[in-house]
Visitor: 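First, the structure itself, so that you have it in front of you.
A note on names: the letters A, B, ... follow the listed sequences, proteins ahead of strands, and every chain is numbered from 1.
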There are 2 protein chains.
Amino acid sequence: MRVPCFECELRRCDAFKPINDVELAFINEMKRDHVALRAGAEIIAAGTEQAELYTLYAGWAFRFKTLPDGRRQILHFVLPGDLIGLQGAMFEASQYGVEALTDVEICVLPRRKVWSLYENMPELAFDVTWLGSREESIVDENLVSAGRRRASERIAALIISLYKRLNVLGLVVNGAMPFPLTQQHIADALGLSLVHTNKSLAKLRKLGMFAQINSTLLLSNPKALESLAQYFDEETPKRPLI
Amino acid sequence: MRVPCFECELRRCDAFKPINDVELAFINEMKRDHVALRAGAEIIAAGTEQAELYTLYAGWAFRFKTLPDGRRQILHFVLPGDLIGLQGAMFEASQYGVEALTDVEICVLPRRKVWSLYENMPELAFDVTWLGSREESIVDENLVSAGRRRASERIAALIISLYKRLNVLGLVVNGAMPFPLTQQHIADALGLSLVHTNKSLAKLRKLGMFAQINSTLLLSNPKALESLAQYFDEETPKRPLI
DNA sequence: CGCTCCCTTGAAGCTGTTCAAGCGATGTGG
DNA sequence: CCACATCGCTTGAACAGCTTCAAGGGAGCG
């Protein structure tokens, strides 16, 4: 199961910026394990001391917070190449949980070694900060959705943002993107009820904004969705991978 | 106007973790300027190339995004000791704006020098990442509010979180905290209309949750607000200051 | 004195929630 | 192999929370 970083499939993707051999060797040294988990598995449990940092190697996950009375808010969706658990590595216990949305594979980076990265590999340390900032910018945009967009705009914004993130990863083929979210996930991410999410989705489908077959979503006209959502952020062409 | 970091008033506060002389000298070397701005001034303009990173020395600010049609979402409020513009320092242009809410004083750290910090001062580099993660955790909680709490719960959550942040800074005296927000700011931060914000505020006041005099807010019973909001996160006792 | 800014209040109406019920696909144990 | 449970999606109907529209009032300032 172990995948050496030298043979990392993910890194071949254009989305990631090139890396030199020393840094790659260092990352390979840091990587303690490569773990496969089933959909629904808990990657990080809320409120627990957290020893590890992860990179999502394959599959989808999501980060969420739950109120004591059970209401759940999904904070953002995690796609391949994204870091998992940075906040948890900074503070004692993480305030949030992370759950596998599909079957996933994750690279395990022990928390202690992350510190050695700051001491020895400033470029990579900077990359960690960069990835943290990028994650925040995604949460920012979700907050704009929940706070200021109406239901169908929220859905449009979610879809177009996932589309752009998947696109740079090379996961969109002819406007078709993988889409494993249930309507409950969408509702929890956007601050909507399940019923209203269903009706708004149906409305957008009837408008011809997209089509869904099984777990793929077909986007004929991304620009239309973009302007419906008023979502114009672009993914950076080159990003770090740790 | 220039304040050497050795004489930093802010750093005397217990909230900040101790620092050694070498690091302090380095920060002092990094600090290019100390600027005072009036309430309403633009600290960072959305969509522009951004050369600087700032630390808020005194006063309040807020970070926000605006949709093309004018709807505005406040992402989080910036209090003394918080970093301003980290995302902007990572990417080419910042997606958001930052505005002074009250008169403010800010320390100016040139973007280039931030990189030298990663090369020379790993501990401080780690602190930058830490501060970024903490900012994200605040945005997380705001997203939970906008997505899953009802109007008066949102207001309660906002007030209690500001209370806790101000408290560790020593800015709460006998349950009285500075509160310079207008109802429009609150509405924009919580994803509510101005009218409904006003009515929900009045309701909470009548319930005896707090009282307002001029720009001060009196909290007799923080615990009551806390459980109304279902907001139980605690501020870390010791945080870095750069 | 008049302007602006912020707060306040009432009323009407819409967007989204909650409750309720049903359907098809998938999976499982008897 | 069928009965049964589960899961995700769908739809209708009633209701509520919040928005929008409208108007007015008080404090501060030039």
Visitor: At what angle, to 10 degrees, do the two end axes of the helix from C:dC1-D:dG30 to C:dG30-D:dC1 meet, given five pairs define each axis?
Guide: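 Comparing the axis at each end, I get an angle of 30°.
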Visitor: Under 3.5 Å, is there a donor on one side chain and an acceptor on the other for A:His185 and A:Thr182?
Guide: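 A donor-acceptor contact under 3.5 Å links the two side chains.
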Visitor: Nearest whole Å is fine: how far is C:dC6 P from B:Leu101 CG?
Guide: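 Those two atoms, CG and P, are 11 Å apart.
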Visitor: Would you mind classifying the nucleic acid contact of B:Ala202 as base, sugar-phosphate or nothing, using non-hydrogen atoms under 4.0 angstrom?
Guide: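 If one applies the 4.0 Å heavy-atom cut-off, B:Ala202 turns out to touch nothing in the nucleic acid.
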Visitor: Report yes if a side-chain nitrogen or oxygen of B:Gln183 is closer than 4.0 Å to either non-bridging phosphate oxygen (OP1 or OP2) of C:dC5; otherwise report no.
Guide: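 B:Gln183 to C:dC5 OP1/OP2: no side-chain N or O under 4.0 Å.
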Visitor: With a 4.0 Å cut-off on heavy atoms, is A:Arg71 in touch with a base, just the backbone sugar-phosphate, or nothing at all?
Guide: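 No contact.
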Visitor: Would you please say whether a donor-acceptor pair under 3.5 Å links the side chains of A:Gln87 and B:Asp140?
Guide: yes
Visitor: Quick one, give me the B/S/- string for nucleotides 19-30 of chain D, reading 5' to 3', where B means a protein heavy atom under 4.0 Å from the base and S means that only happens at the primed atoms, P, OP1 or OP2.
Guide: BBB---------
Visitor: Round to a whole Å and report the spacing from CG of B:Leu201 to C1' of C:dT9.
Guide: 14 Å
Visitor: Using a 4.0 Å heavy-atom cut-off across all strands, classify A:Arg205 as base, sugar-phosphate, or nothing.
Guide: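 Sugar-phosphate, backbone atoms only, no base.
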Visitor: Examine D:dG17: is either OP1 or OP2 under 4.0 Å from a nitrogen or oxygen in the side chain of B:Arg154? Give yes or no.
Guide: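 Negative; the distance criterion is not met.
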Visitor: For nucleotides 21-28 of chain C, read 5' to 3', which letter fits each nucleotide if B means a protein heavy atom sits under 4.0 Å from the base, S means only the sugar-phosphate is that close, and - means neither?
Guide: --------
Visitor: Measure from NZ or CZ of B:Arg11 to the centre of the six-membered ring of B:Phe16, then state whether that distance is under 6.0 Å and the direction lies within 45° of the axis.
Guide: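 The answer is no; the distance or angle limit is not met.
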Visitor: Can a side chain N or O of B:Asn198 be found less than 4.0 Å away from OP1 or OP2 on C:dT8?
Guide: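 So the side-chain polar atoms of B:Asn198 do come within 4.0 Å of the phosphate oxygens OP1 or OP2 of C:dT8, strictly under.
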